[in-house]
Amino acid sequence: MNNTNLDSLFFGNNGLDKHTAEKITAEAVSGAEDGELYMQSSQSESFSFDDGKLKVANSNSDLGFGLRSLSGDIIGYAHASEISKESLERAAKTVKTVRSKNAKEIDVSPAKTNKKYYKDINPLSDYTFEQKVKLLQTIDSYARNKNNKVEQVSISLASSWEAIRILRADGQMIDDIRPLVRLGVNIAIKDNKKMETGSYGSGGRHGYEILFNEKHWKYHVDEALRQAIVMLDAKAAPAGEMMVVLGPGWPGILLHEAIGHGLEGDFNRKKTSVFSNLMGEEVASKGVTVVDDGTINAKRGSLSIDDEGTPTENTVLIEDGKLVNYMQDRLNARLMGTKSTGNGRRQSYAYQPMPRMRNTIMTSGKNNPEEIIASVKDGIYAKSFAGGQVDITNGKFVFSASEAYQIENGRITSPVKGATLIGSGFEVLKKVSLIGDDMQLDPGIGTCGKNGQGVPVGVGQPTIRIDGLTVGGTKTN
């Protein structure tokens, strides 16, 4: 969608034109240190298929703006679910109360960028309603015919489209079109009164065409079924401190939760993160490099610009074990005397932006994954995770493994269930002893919550060995 079409979207028959919006925004943030007008139009749809039937089919659209003015750490913010001259003028009266005591000039606007990491498409219009329902029916039928132990099949399909326009005080206008899709399959199987489940999902900033590809959705079913079958034979997980090997890809969610949040600028400015005051210090084993990359084509956590208009980048956070950067939005960067890294994100126009992760990744090392497994005499191999909890102030976490195996004498053996990993992200980084050369990104399913806001994110990592991690198990003597 070009600028002309966005003009008509945001400046339609509502008494507001581009020139007036720029003028009201400039006046509203005059005398403040920073600020912007964030306009958003969004469409979304979701389908839920269960018990062989379409259970839910939702469709939503939204239009609104958020106007912000900042001085120091004081924020004036107002939003409305309509875009009109009258509503913008009301918002301006609210944010005008924020003024800089030092009468500083407004912050320099971010550099413009022509880089795009996804196409300007609307996934909602890719296929008809009937075609989407037919896909769900086909997936359900394939799953049930694949194995006679299948008891239940649940499928979710969702997409969204967002048009973003940001007006800054200097008159700079920045636009972005953001597509997003996701497919999820959950299968329950029953064998001799024993029930187990498996699941698989994927998505990204692209259209439905990938999800509709037969090879693609069949992999979802096959993988979910494989997980469920594996868990039928799983035994109780052992407990105690032991070596743990994390598989590539989605296990990076542990990195995201236990380490990533602690590297966000606001927690470190307020000195509430375990990583506060450690810039330039060794916080991880040699060889550990962690980045937050918003520039990977079509990935779920990627953005061409963040929600303040700053171009995203590949931000190195930990380099060869040393802390070198925090993730920053404009407010926290300004107060900490540095620059935004393009991590200012918000759930929608109704929320203020804050430092948030994009695609948080531990980069590849030099070890062969098979050699990593072979190096463990007695331990756990965690291939996938379910839920978890983390305390940002000390980095302590508890994570449940949804698919895990015992490692015995250098070989992956029995699947185990009920394994939880307990530790501190701060300490885990120092216990990483071997790093595989097989870094993978997750398939595109992550949503991160912070202060009541959810945003799409990605994670990734290679196979890694952690020496000495507490495993909470269910095995009894």
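Across Asp292, Asp307, Asp306, a single residue satisfies salt bridge (charged side-chain N to carboxylate O under 4.0 Å, His left out) together with Arg358, and that is Asp292.
Panel note: side chain Asp442, backbone Gly249; no donor-acceptor pair is recorded below 3.5 Å. Between the Asn58 side chain and the Glu45 main chain, no donor and acceptor come within less than 3.5 Å of each other. The backbone N or O of Leu429 sits less than 3.5 Å from a side-chain atom of Ser285, completing a donor-acceptor pair. For the pair Tyr326 (side chain) and Arg269 (backbone), a donor-acceptor distance under 3.5 Å is absent. At least one donor-acceptor pair under 3.5 Å links the side chain of Asp126 to the backbone N or O of Tyr208. The main-chain N or O of Tyr77 is never found under 3.5 Å from a side-chain atom of Gln352 such that the two would form a donor-acceptor pair. Proximity of a side-chain donor or acceptor of Ser304 to a complementary backbone N or O of Tyr117 within less than 3.5 Å is detected. Judged by distance alone, the side chain of Glu33 and the main-chain N or O of Gly72 form a donor-acceptor pair under 3.5 Å. Between the side chain of Lys96 and the main chain of Ser69, no donor-acceptor pair closer than 3.5 Å is present. Formation of a donor-acceptor pair under 3.5 Å by the Thr341 side chain with backbone atoms of Met327 is not found in this model.
Under 4.0 Å is where a charged nitrogen must lie from a carboxylate oxygen, and between Lys116 and Asp176 at least one such pair does. Here Glu319 does not pair with Lys322 in a salt bridge; the nearest charged N to carboxylate O distance is not below 4.0 Å. Ion pairing between a basic and an acidic side chain is recognised when a charged N comes within 4.0 Å of a carboxylate O; Asp73 and Lys270 show no such pairing. Using a 4.0 Å cut-off between charged nitrogen and carboxylate oxygen, Arg165 and Asp175 count as a salt-bridge pair. The pair Glu36-Arg346 meets the salt-bridge criterion, since a charged nitrogen lies less than 4.0 angstrom from a carboxylate oxygen. At a threshold of 4.0 Å, the pair Asp34-Arg168 counts as salt-bridged, since one of the basic side-chain nitrogens sits closer than that to a carboxylate oxygen. Using a 4.0 Å cut-off between charged nitrogen and carboxylate oxygen, Glu264 and Arg345 do not count as a salt-bridge pair. Ion pairing between a basic and an acidic side chain is recognised when a charged N comes within 4.0 Å of a carboxylate O; Asp467 and Arg465 show such pairing.
Atom CD of Glu223 sits about 7.0 Å away from atom CD of Glu403, to the nearest 0.5 Å. Distance CD/Glu214 to CD1/Ile139: 10.5 Å, rounded to 0.5 Å. Rounded to the nearest 0.5 Å, atoms CG (Leu331) and CD1 (Ile74) are 10.5 Å apart. Here the CG-CG distance, from Asp329 to Leu70, works out to 9.0 Å after rounding to the nearest 0.5 Å. One distance of note links OG1 of Thr363 with CD1 of Ile435; it measures 7.0 Å at 0.5 Å rounding. With values rounded to the nearest 0.5 angstrom, Leu167 atom CG is found 5.5 Å from Glu22 atom CD.
No side-chain heavy atom of Leu9 sits less than 4.5 Å from a side-chain heavy atom of Asn5. Residues Leu37 and Leu88 are in side-chain contact: their nearest non-hydrogen atoms beyond the backbone lie under 4.5 Å apart. Considering only heavy atoms from C-beta on, Arg68 comes within 4.5 Å of Pro353 through its side chain. Taking the side chain as every heavy atom from C-beta outward, Lys430 and Glu282 never approach each other to under 4.5 Å. For the pair Thr197/Asn186, a side-chain contact is recorded, criterion being any heavy-atom separation below 4.5 Å from C-beta on. The closest side-chain heavy-atom distance from His216 to Leu211 is below 4.5 Å. Counting only heavy atoms from C-beta outward, the side chains of Gln40 and Ser348 approach each other to under 4.5 Å. At least one side-chain heavy atom of Phe212 sits less than 4.5 Å from a side-chain heavy atom of Lys132.
The minimum heavy-atom distance between Asn268 and Ser276, with the atom names listed, is OD1-N, 3.2 Å. Between Ala91 and Leu67, the shortest heavy-atom distance links the atoms C-CD2, 3.9 Å. A pairwise comparison of heavy atoms in Val181 and Ser159 identifies CG1-CB, 3.7 Å as the closest pair. The shortest non-hydrogen separation linking Ala333 to Gln328 is N-OE1, 3.5 Å. Here the closest non-hydrogen pair linking Trp161 and Ile121 is CD1-O, 3.1 Å. A pairwise comparison of heavy atoms in Ile318 and Val324 identifies N-CG2, 4.3 Å as the closest pair.
Counted by atom type alone, Thr463 and Asp438 present one or more donor-acceptor pairs between their side chains at under 3.5 Å. Judged by distance alone, the side chains of Tyr351 and Asn451 never bring a donor and an acceptor atom under 3.5 Å apart. No hydrogens or angles considered: a donor-acceptor pair under 3.5 Å links the side chains of Ser302 and Asn359.
Under the ring-ring contact (aromatic ring centres under 6.0 Å, His included) criterion, Trp217 pairs with Tyr142, not counting sequence neighbours.
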TODO: Test side-chain hydrogen bond (donor to acceptor under 3.5 Å, both in side chains) on Arg300 and Thr447 and set out the steps.
DONE: CA-CA 9 Å; Arg300 184 172 171 85; Thr447 297; 2.9 Å; yes

Open item on the list: Test side chain to side chain contact (heavy atoms under 4.5 Å, CB included) on Leu63 and Phe10; report intermediate values, then the result.
Closed with: CA-CA 8 Å; Leu63 178 70; Phe10 293 120; 4.0 Å; yes

Open item on the list: Run Leu317 and Met357 through side chain to side chain contact (heavy atoms under 4.5 Å, CB included) and show every step you take.
Closed with: CA-CA 11 Å; Leu317 304 171; Met357 282 173 274; over 6 Å; no

TODO: Tell me, with the steps shown, if Arg205 and Arg178 meet side chain to side chain contact (heavy atoms under 4.5 Å, CB included).
DONE: CA-CA 7 Å; Arg205 294 198 178 279; Arg178 301 171 178 173; 3.6 Å; yes

Task: Verdict with reasoning, Ile361 to Ile296, per side chain to side chain contact (heavy atoms under 4.5 Å, CB included) - done: CA-CA 11 Å; Ile361 301 161; Ile296 308 172; 3.7 Å; yes

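Counting heavy-atom neighbours within 6.0 Å of Lys271 NZ, excluding the residue itself, gives a total above 12. Few gaps surround CD on Glu27; more than 12 heavy atoms of other groups in view lie less than 6.0 Å from it. Counting non-hydrogen atoms of neighbouring residues, nucleotides and ligands closer than 6.0 angstrom, the CD atom of Gln389 reaches no more than 12 such neighbours.
Taking the six-membered ring where the residue is Trp, the centroids of Phe129 and Phe47 are separated by under 6.0 Å. In this structure, Tyr200 has its ring center closer than 6.0 angstrom to the ring center of Tyr219.
By the 30° and 60° cut-offs, the orientation of the rings of Tyr381 relative to Tyr405 is tilted.
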